[in-house]
Amino acid sequence: MTDYLEESAEARRSLNFIEQIIEEDLRNGKNDGRVHTRFPPEPNGYLHIGHAKSICLNFGLAIRYNGKCNLRFDDTNPTKEEQEYVDSIKDNVRWLGFDWEDREFYASDYFDTLYEFAVKLIMKGKAYVCDLSAEEISNMRGTPSVPASPSPYRNRGVEENLDLFRRMKAGEFPDGTRTLRAKIDLASPNMHMRDPVLYRIMHTAHHRTGDRWCIYPMYDFAHGQSDSLECITHSICTLEFEVHRPLYDWFIRELEIFPSRQIEFARLNLSYTVMSKRKLLELVNAGLVNGWDDPRMPTISGLRRRGYTPASIRLFADKVGVAKRDNVIDIALLEHCLREDLNKKAPRRMVVTKPLKVIIDNYPEDLVEELDAINNPEDPEAGTRKVPFSKEIWIEQDDFMEAPPKKYFRLAPGTEVRLRYAYFITCVGVEKDDAGNITCLHCTYDPASRGGNSPDGRKVQGTIHWVSASHAVAAELRVYEHLFTREDPDNVDEGGDFKDYLNPDSLKVLQARAEPSLDSPEVLSNFQFERIAYFSVDQDSKPGQPVFNRTVTLKDSWAKQGVR
RNA sequence: UGUCCGAUGGUGUAAUUGGUAACACAACUGACUCUGGAUCAGUCGAGUCCAGGUUCGAGCCCUGGUCGGACAACCA
């Protein structure tokens, strides 16, 4: 985890507003100089890149200030939560590189204590059992400018409330017939203070407590108290909970428990994608993507399958910063962080994505040479490998033009290029089919240029990649583009839907020819296919039939010129 | 219409807490290169939402607006 410290330390020299608060608390000796955060997901879906930011923030703060960060599942609604999600969340946090040690908690661990807290409020005359239906409560809540009208049960006696609440717990009443409500302020401009519901009746089995309970606490009654029970010093959440803070503080005050402090920051938004769990779920259910871990999804599982590295996501989380203003991060920043990491780590390989056959006329018929190729020019430690060369090879269709424009450095009739790590070749002939499509190229090679340099010192402008035809491995390439065509797919036109902006070309499959070292690569390993893009090995791969996901393209200043 | 929060280059985030707007991404030039990659050098681009006020001095403080976001689930 020292890696993480170094990453963030060098990437940042000024403090974000949360760090400023923490350092001020530290100066004042608040919480005995302790910093304790938590990451509190609800296990009702998969985590996405926005959660990754929160994870990096909370665990990162703990690391930076020598504190601790808990993993706590906010599992107070048994109708939505499942063990599958708990497992995926733990897996994602671990993959990102963080460790909650033995501090894996669940709000459901606190159900007994929470019940006692509720009893305490009842005894203080600060909570009451209400017999109104959900609809009635809603109708009586008023509007932000019109006060709520009091529930007819608002002034029930303590004994009656205690009895009713006990019977709610005992399962005497059907779902929805009663709630426990806090008695606060019906005229508050903050709707959350107008006698919020604390407990509801749900005869539903919970993924952890089974059928032990038929009443479940609401978010507001569970979250802050859970923070307090864990002695969380800084409870960091997103902006929409800002209006809940007065209630958060009210419970702490009335219950006289450890005063955790809630701090809100702006959630992450990314261009060309959607981030809400609801929309992501919709894409999965409608079959518009292939599950939560589809490489086009902004879920952590999707990014992982796509080939993103934990370090790249941590770097990204650090670079986007933390503030309270709404933001949309350019997805190019995420890709930049990825390339930065992959450039240093990913072994290079040669893969021809759109093959064009080249026959080297003057190369011996049955000769096969093993040539040395550098695995990663950025990392000498990565060493070299052997790549077979023979008379017939594949090159990229884009690397040949019969009538090239100016400043085209690649192969054309009569021009010479270097085959990477191999030889200089010159194009001497073009074969076409009846329709005029180029089917094959004839070239000659310069035997003296073996390895890629000519002893006479002559230069060639272009270097292209290649694969020996008889040694090539057939590889499936899954080429991804942004999932949406619109920078802000949430911003829909009249009568439209965010799904209207799905990019029909977000996935294209290519049958490529790869160098033999790519025969059976390890799933999830990253490679750079030289001059093309970074690719990662998909789990659908079989020995001899590798499948690669395009992680991110290389920057291509030639393509940018729009010459082709 | 009520309360809360926010507003700094195209996008994000800073500005020693009142001292004269910086960094990153993006874009664009050029150098270099056995990846048109990487790297390096450089350029473009905001006078800080608006109007007043305090001050020698305001992106930072005050007042009033404007615009944007959040909140009226027995969801979290």
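So that the names make sense, note that chain A is the first sequence line, chain B the second, and so on, each numbered from 1. Just so it is clear, the model here is predicted, and its values are computed rather than measured.
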Measuring from the side chain of A/D556 (C-beta onward, heavy atoms only), which nucleotide among B/C74, B/G36, B/G12 has the closest atom? B/G36

Base, sugar-phosphate alone, or nothing: which one does A/V328 contact when heavy atoms must sit under 4.0 Å apart? sugar-phosphate

Taking the P atom of each, how far is B/A46 from B/A22, in whole Å? 12 Å

Any chance the side chains of A/S517 and A/E515 put a donor and an acceptor closer than 3.5 Å? yes

Pick the nucleotide of RNA chain B nearest each of A/R450 and A/H192; which residue has the one closer to the 5' end? A/R450

Report yes or no: is there a donor-acceptor pair, N or O only, under 3.5 Å between the side chain of A/Q528 and the base of B/U35? yes

Parallel, tilted or perpendicular for A/Y219 and A/H244, by the 30°/60° rule? perpendicular

On a plain distance test, is the side chain of A/E242 in donor-acceptor contact with the base of B/G6 below 3.5 Å? no

Which residue pairs pass the side-chain hydrogen bond (donor to acceptor under 3.5 Å, both in side chains) test when at least one of the two sits in residues 373-383 of chain A, sequence neighbours left out? A/R348-A/N376, A/R349-A/N375, A/N375-A/R385

Among B/G37, B/C75, B/C5, the one nearest any side-chain atom of A/M202 is B/C75

Are any of the side-chain nitrogens in A/D446 or A/R458 under 4.0 Å away from the carboxylate oxygens of its partner? yes

Can you run through RNA chain B from 5' to 3' and write each base as (, ), [, ], | or . depending on how it pairs? Watson-Crick or G-U wobble, both distances under 3.5 Å. .((((((..((((.....[..)))).(((((.......))))).....(((((..]....))))))))))).....

Would you check if A/W558 stacks with the base of B/G36, given a 5.5 Å centroid limit and a 30° plane limit, both strict? yes

Let's test your reading of the model: under 3.5 Å, does the base of B/U35 pair with the side chain of A/R349 as donor and acceptor? no

Based on the glycosidic angle (syn within 90° of 0, else anti), state the conformation of B/G47. syn

Looking only at side-chain N and O atoms, does A/Y534 offer a donor or acceptor that is under 3.5 Å from a partner on A/E335? no

For atom P, what is the distance between B/A76 and B/A38, given to the nearest Å? 47 Å

Restricting both atoms to N or O, compile the protein contacts to nucleotides 24-28 of chain B shorter than 3.5 Å, with distance only.
from  : atom 1 : to     : atom 2 : distance (Å)
B/C25 : OP1    : A/H336 : NE2    : 3.4
B/A27 : OP1    : A/K560 : NZ     : 3.1

Would the base of B/G36 count as contacting A/R410 through its side chain, where contact means a donor and an acceptor less than 3.5 Å apart? yes

Report yes if a donor N or O on one partner sits less than 3.5 Å from an acceptor N or O on the other, where the partners are the side chain of A/T463 and the base of B/U35; otherwise report no. no

Where each residue is assigned the nucleotide of RNA chain B containing its nearest heavy atom, which of A/G462 and A/D220 is assigned the position nearer the 5′ end? A/G462

Side-chain-base donor-acceptor pair under 3.5 Å for A/H244 and B/A70: no

Does the structure place the NZ or CZ of A/K324 under 6.0 Å from the centre of the six-membered ring of A/F265, at an angle of no more than 45° from the ring's axis? no

Taking syn as any angle within 90 degrees of 0 and anti as the rest, which one fits B/U17? syn

Is the distance from OP1 or OP2 of B/C71 to the nearest side-chain N or O of A/R194 less than 4.0 Å? no

